[in-house]
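Here the structure comes first, spelled out in structure tokens, and everything after it is commentary.
Values reported hereafter were calculated over all heavy atoms of this structure, with side chains retained and with hydrogens, waters and symmetry mates removed.
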Amino acid sequence: MLEIKNVTKKYGDKKAIDNVSFTVNDGDIFAFIGHNGAGKTTLIKSIVGIHDFDEGDILIDGKSIKTDPVECKKLMAFVPDNPETYEHMKAIDYVNFICDMYEIDKETREANIKRYAELFEMEDKLNDTIDSYSHGMKQKIVLISALVHNPKILIMDEPFVGLDPKAVHDIKEILNELVKEGKIVFYSTHILDVAEKICSRVAIIKNGKLIKSGDMKDIKGDKSLEKVFLELEER
Amino acid sequence: MKKLVSLIKASMTSGMNVFKINSKASSKRKVLPLFIAFWLMFTIWSNANIILEKLDRVGLEYIALSIFVVGISMFTLIEGIYKSGTLIFNCKDDQLLLSLPIKKSTVLFVRIFKFYVFELIFNSLFLVPVIMAYLRWAKADMFFFLTSFIMILFLPIIPIVVSCIIGAITTGLSSRFKYKNFFQIILTMLIFIGVMYVSMNMDKFLIDLVQNAKGLNDIISKIYYPAGVYADLVVKFDITKLLVFMLINIALLVVGIFVLSKVYFKINTRMKSVVTSRKVKSSKCIEVKVKSQTWALIKKEFSTFFNTPVFIINAGFGLVLYLILAISVFVKFNLIVDTIKSTDIISIDLFLKNLSTYNFLIIILVLLTTSITSSMISLEGRNFNILKSFPVKTEEILKSKLYASLIITIPLVIIGDFLIFIRLQFGILEFLLILLETVIFSILSGLIGLIINLRYPKLDFENSAEIVKQSVSSFVSVAIGLLGVFISFFIISSLIEKGTAPLMIMGVGIGIALILDLVLYLYLMKKGVEQFNKLNV
């Protein structure tokens, strides 16, 4: 379970996140939406332990990211908004490096690398250096690296940007599989129709404040998620 | 013109502000770099006064200006040779700039202009104190100030244009190979060795020059034209000569940019092209290797190091020089002894008695000025977020950076230590202390670099040369290292003169360094960890 408890993050005097609280349960695909600069990335970076925050706490399966960061990070995988990697490395070396960081045994990593490389049609490109890749291919390597260590919680910031339609389709399939295994998928997105189709829960953030959070069907009712979002934004 | 001004403005604000540490940098953090800059200027001013005092006796004060002009221009050229390849090629803003409706030569001009501004600031740190010292010893009129101002502005141009052309040649040649970085490093090193060889074998040229020269100013002009013009103008101001000097520099800059722009984009495109592997079946290409977290992190540091030519050349230069020195001692020690005998810098008996102590001092110089770790945090760049998201303790990340620097540094220095020991055959205990010194001072240098880089990080940069050569962190680390060298030199020289035994000098030196290692390590593990955790992109 991922619990965000009264989290506030300030940049100087400005509150980027203002007393935000919500919970993501095991088996949820959770969409985190908001306009540009609303505070989505800041909260995501706080969850994965990249940013410190000023008030509140974030609990990963009951452990605080503030006091027990290493144990919390072991349970999570993070896919950033830009596919940031060590580009001078070969893709296979990079994936192996990530596995080393998460202390994955040889058998598991062998099976998972093979599985996800084939799924994303990257198996014949793993021996190339990442700087030779297109944006979409880099994104695929980041996704393979995130999935390869079987994270309990997958945190993604705009994961579909730059991906081809097949890759988007495959990711949706993988996300569904993960939640069936009781894992959590938490991601920010601007592609609302995809979020509407695949997410069980949603939170909407505006100027650092949470303005709506709950089950997807309760939040949108008979309307589309896009319409609900635009109405909330205009208020 | 408007476009050019906007472009320069944007380019300068994004990358050239050496005091832009990060957005949250407190003014307190600016004190140390400023203090070091003033200390450096004061040291140059003091040394210039010593030279001027001697020249004043023979009425040739203006020669001091020429000496420093030659020195700083040579330094700018050598630095520029290995920086230019990285500073003007393969920048992160290539895509943005090349997609804008501006001439490609304008983009190149902006890159070179940025390089020029940095060197202008750097040259000023040296030349302003020399000019101030000159004013103490010689009369100056308004023409002197005008000449000096123009000189400060124009002096970086020749070394920059020459180094950019050499940088383009090395980058262009290496871009044709699969292992571009490797060839770039080899070519740059070969050029350095060539420059050193030529400068060490100029005796005949200098003798011819002196015999055929019309006067002192003529000699200086023939050695380096701007230095000669400066000397001429200080002795007797001539507006025509000044204008000719300015025109020659401007013409050189224009021609340089014109020539470079012909090949610049071809080279840049080739540098960006990456040779991909042959396609092989999936099962065969998935090679799984399990490593510990620490070893994986160290390997990542190696990967960054060996894929960043400017990083290797900058860090490796001192180490390679030490190896060259060790080989020279091994092969031609008798020649070194003869040279020392023929000069009266030091008595030969004192020299032979303290060989191990001199070796000890040289190792301090090499290690404290070789600062690999001072760029390691900054070079993470946008990947810093990835690093922070790993389930690894910050302490381990910092240690892995330190270990990587030790693995790069220590073996090379130890090879040199062995060569020198085999040839000079000082006592085994002295040799063991030299080996211990190599380890202890490598750790010291690594710790200083990491602490400084955590205090002055710059995670947003356009190319690695900005971090390795032009960042506050590298400047402060090298300055602190040099300060350590000066202090060691002063203390050890006094102890040698007092007849203190080499073993005692080395033992005390290692003891002090060991205490510093412990203190700095504890500081890094506490304060450094806090600073790392607060840092983000």
Side-chain angles (χ1 to χ4, degrees), chain A residues 11-12 45 48-52 69-80 82 84-111 113-114 117-118 121-133 142 145 149 155, chain B residues 23-24 90 178 181 271-308 379-397 400 464 530 533-537:
Chain A
Y11 291 118
K45 285 181 176 174
V48 295
I50 292 172
H51 275 174
D52 198 3
V70 174
E71 286 307 309
C72 288
K73 286 173 188 177
K74 278 181 186 169
L75 300 170
M76 290 188 284
F78 170 51
V79 178
N82 268 316
E84 283 143 15
T85 56
Y86 292 99
E87 298 212 349
H88 43 75
M89 282 186 178
K90 282 182 185 176
I92 185 67
D93 291 340
Y94 179 72
V95 179
N96 262 312
F97 168 68
I98 298 292
C99 289
D100 289 330
M101 292 298 104
Y102 286 86
E103 297 172 306
I104 305 302
D105 62 74
K106 198 175 178 207
E107 289 70 32
T108 312
R109 76 171 73 179
E110 217 158 35
I113 292 173
K114 197 167 184 295
E118 277 176 9
E121 296 173 336
M122 292 291 289
E123 68 271 32
D124 58 348
K125 298 174 187 79
L126 286 178
N127 271 335
D128 294 337
T129 52
I130 300 173
D131 54 12
S132 68
Y133 284 2
V142 171
S145 309
H149 57 90
I155 312 275
Chain B
S23 55
K24 289 171 220 156
N90 222 350
K178 184 180 173 187
N181 291 340
M271 283 305 281
K272 281 183 190 296
S273 68
V274 181
V275 180
T276 53
S277 65
R278 282 182 301 115
K279 288 183 170 34
V280 282
K281 272 283 162 203
S282 59
S283 55
K284 284 180 188 166
C285 71
I286 297 172
E287 193 185 359
V288 170
K289 291 176 197 159
V290 181
K291 288 181 284 294
S292 70
Q293 282 182 333
T294 309
W295 184 239
L297 285 166
I298 292 171
K299 221 185 143 204
K300 173 189 77 68
E301 295 301 335
F302 287 162
S303 170
T304 305
F305 183 77
F306 289 111
N307 280 285
T308 317
L379 281 176
E380 289 289 341
R382 307 282 315 167
N383 292 335
F384 192 74
N385 280 347
I386 309 174
L387 201 58
K388 281 187 86 176
S389 70
F390 293 147
V392 185
K393 282 185 179 170
T394 305
E395 287 88 337
E396 293 307 314
I397 294 172
S400 70
S464 46
E530 283 171 22
N533 291 340
K534 275 184 194 160
L535 198 61
N536 55 62
V537 191

Can you measure from [atom1] ([X]) to [atom2] ([Y]) and round to the nearest 0.5 angstrom?
X	Y	atom1	atom2	result
A/Glu87	B/Asn383	CD	CG	7.5 Å
B/Lys299	A/Asn96	NZ	CG	8.0 Å
B/Lys388	A/Lys45	NZ	NZ	10.0 Å
B/Leu535	A/His51	CG	NE2	10.0 Å
B/Lys300	A/Tyr94	NZ	OH	10.5 Å
A/Asp93	B/Ser303	CG	OG	8.0 Å

Quick one: of B/Thr308, B/Thr394, B/Asn533, B/Ile386, who has the most non-hydrogen atom pairs under 4.5 Å with chain A? B/Ile386
Could you pull out all donor-acceptor pairs under 3.5 Å where a side-chain atom in residues 290-298 of chain B meets a protein atom, sequence neighbours excluded?
from	atom 1	to	atom 2	distance (Å)
B/Ser292	OG	B/Trp295	N	3.1
B/Gln293	NE2	A/Met101	O	2.7
B/Gln293	NE2	B/Pro391	O	3.4
B/Thr294	OG1	B/Glu396	OE1	3.4

Under 4.5 Å, counting heavy-atom pairs only, tell me which of A/Thr85, A/Asp52, A/Val48 racks up the most with chain B. A/Thr85
Could you name the residues of residues 71-79 of chain A that have a heavy atom within less than 4.5 Å of a heavy atom in chain B? A/Lys73, A/Lys74, A/Phe78
Please list, chain by chain and in numerical order, all residues satisfying ring-ring contact (aromatic ring centres under 6.0 Å, His included) with A/His88, sequence neighbours excluded. none
Once ring-ring contact (aromatic ring centres under 6.0 Å, His included) is applied, do any residues pair with A/Tyr133, and if so which ones, sequence neighbours excluded? none
Minimal non-hydrogen separation, B/Asn385 against A/Ile50, with atom names: OD1-CG2, 3.0 Å
Measure the shortest side-chain to side-chain distance between B/Leu387 and A/Tyr86 over non-hydrogen atoms and say whether it is less than 4.5 angstrom. yes
